[in-house]
Amino acid sequence: MTVLVTGGAGYIGSHTCLELLGQGYDAVVADNFSNSSPEAVRRMKELSGRDFAFYETDVRDAEKIDEIFRNHDIGCVIHFAGLKAVGESVRIPLAYYANNLESTIALCGAMKRHGVKNLIFSSSATVYSGDNGMPLTESSQTGNCINPYGWTKYMCEQILRDTAFAEEDWSVVLLRYFNPIGAHPSGLIGEDPADIPNNLMPYIAQTAVGRRDYLRVFGDDYPTPDGTGVRDYIHVTDLAKGHVAAIQYCREHAGCEAFNLGTGKGTSVLELLKAFERAAGKTIPFKVTERRPGDLPVCYASTGKAAGVLGWRAEKTVADACADSWHWQSQNPNGFNNQP
Ligand code: NAD
Ligand code: UD1
């Protein structure tokens, strides 16, 4: 079966394409390189030993997307394409609403025109309200998002739920990722943030390789065992496998269903830092600073639904993710383009 992967040159998309190609699926990738590089596509081909069609296009370009559906017999679409930087979404909200909502609407329009009805959407744990108890289950309260990025995911989920409700043979799977980290074990592909990283793992990795002076730990007075924030870090290759499991489910069920993709285990900022230090064999400087506005003390997934219904569970540990992340970062200190 051929899977159209939008945003497939990006961090999670590239790892998912490798998993798809490795499991015998054909992939067609569409990406506008707004946050990724052609080098990632070249390496995906090298690593998989397989060629695949790549289209450099914005998903909102209806003519180009129609061409893709005409040229390939697409059985399922995975929609990763989107903007994802939380701080930037606060500064330029219209760009976030325009890109993330319009791309989803345009893609569904093209799918409708071409009779393709299986869609897997990259959602996020950020759609859950901050006042839920832990672990978060798929029926925990959603909404009350604290930034425009979160609202775009919440709104896209609603658009897709309505689309699946309106046409009974549609099958939409909403995958709510917790905190993806790590890299392909080859060290050839990994996370390559364009700017100073917002997220903890790439910041630690760039500090370890000497691109940042020290890590700022955002608060050590949370009600957690060591006072620092606790999150559910999931290895990106486990996440990639979750998408393959979702394709199978998508083909066998109609409707719209949400699944958490996490490990169910919490790790604190200092625990992640120490795990990375062990993987890299070096000390990483840090300073404790103020809390970051909007941060929760603790956030982790209930994983029962994905295990029971999709038959998928995360297998790798935080130590594995740190080792793979260090392998990637130390071999590619400046990411794909390797320019300082
Ligand atoms: P990424 O930025 O590495 O990948 C997104 C890709 O989409 C990039 O290659 C970018 O060039 C492309 N893109 C963006 N807008 C596009 C458009 N209009 N047309 C074509 N291509 C476009 O991000 P990622 O970490 O791989 O995330 C993938 C998806 O998962 C995103 O939708 C993101 O919001 C979601 N997500 C990510 C995380 C995370 O922590 N990384 C967590 C939860 C959800
Ligand atoms: C953030 C986003 C969320 C997004 C997710 C994955 C916010 C408020 N939330 O979640 O919408 O879905 O990333 O992309 O930005 N930390 C530090 N120092 C740093 C960076 C982070 O101490 O330099 C801490 C944070 O306070 C937090 C933990 O590390 O306790 C993880 O942070 P991060 O990687 O940004 O992920 P989330 O906050 O879970």
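The basis for the numbers below is simple: all heavy atoms, side chains too, and nothing from hydrogens, waters or symmetry mates. Just follow the structure's listing: the first ligand is 1, and inside any ligand the first atom is 1.
- Using a 4.0 Å cut-off to heavy atoms of Ser36, the atoms of ligand 1 that qualify are 8 (C), 9 (O), 11 (O).
- A side-chain donor-acceptor contact under 3.5 Å links Tyr128 and Asn260.
- Taking the six-membered ring where the residue is Trp, His79 and Phe121 present tilted rings, their angle falling between 30° and 60°.
- Where the criterion is an N or O separation shorter than 3.5 Å, residue side chain and backbone included, Ser124 meets it with respect to ligand 2.
- Among the atoms of His79, none of the N or O lies under 3.5 angstrom from an N or O of ligand 1.
- Backbone and side-chain nitrogen or oxygen atoms of Asn147 are examined, and none is located within less than 3.5 angstrom of a nitrogen or oxygen of ligand 2.
- Ranking protein heavy atoms by distance to atom 32 (O) of ligand 2, first place goes to Arg292 NH2, 3.4 Å.
- Between Lys153 and ligand 1 there is a heavy-atom distance shorter than 4.0 Å.
- Within 6.0 Å of the NZ atom in Lys305, the count of heavy atoms belonging to other residues, nucleotides or ligands exceeds 12.
- Considering backbone and side-chain N/O atoms, Val217 never comes within less than 3.5 Å of an N/O atom of ligand 2.
- By the 3.5 Å distance cut-off applied to N or O atoms, Phe80 is counted among the residues near ligand 1.
- Near Asn179, meaning under 4.0 Å from one of its heavy atoms, ligand 2 places the atoms 36 (O), 37 (P), 39 (O).
- For ligand 1, none of its N or O atoms has an N or O atom of Asn199 under 3.5 Å away.
- Atoms of ligand 2 lying under 4.0 Å from any heavy atom of Arg216, numbered from 1 in the order shown and given with element: 17 (C), 18 (N), 19 (C), 22 (O), 23 (O).
- Each of the atoms 29 (C), 30 (O), 32 (O), 35 (C) of ligand 1 lies under 4.0 Å from some heavy atom of Ser122.
- For atom 36 (N) of ligand 1, the choice among Phe178, Tyr11, Tyr149 with the nearest heavy atom turns out to be Tyr149.
- The distance from ligand 1 to the heavy atoms of Asn99 drops below 4.0 Å at these ligand atoms: 15 (N), 17 (C), 18 (N).
- Checking only distances, Val230 never comes within under 3.5 Å of ligand 2, N or O to N or O.
- Taking only nitrogen or oxygen atoms, main chain and side chain alike, Gly10 reaches within less than 3.5 Å of ligand 1.
- By the 4.0 Å heavy-atom criterion, Ser123 is counted among the residues contacting ligand 1.
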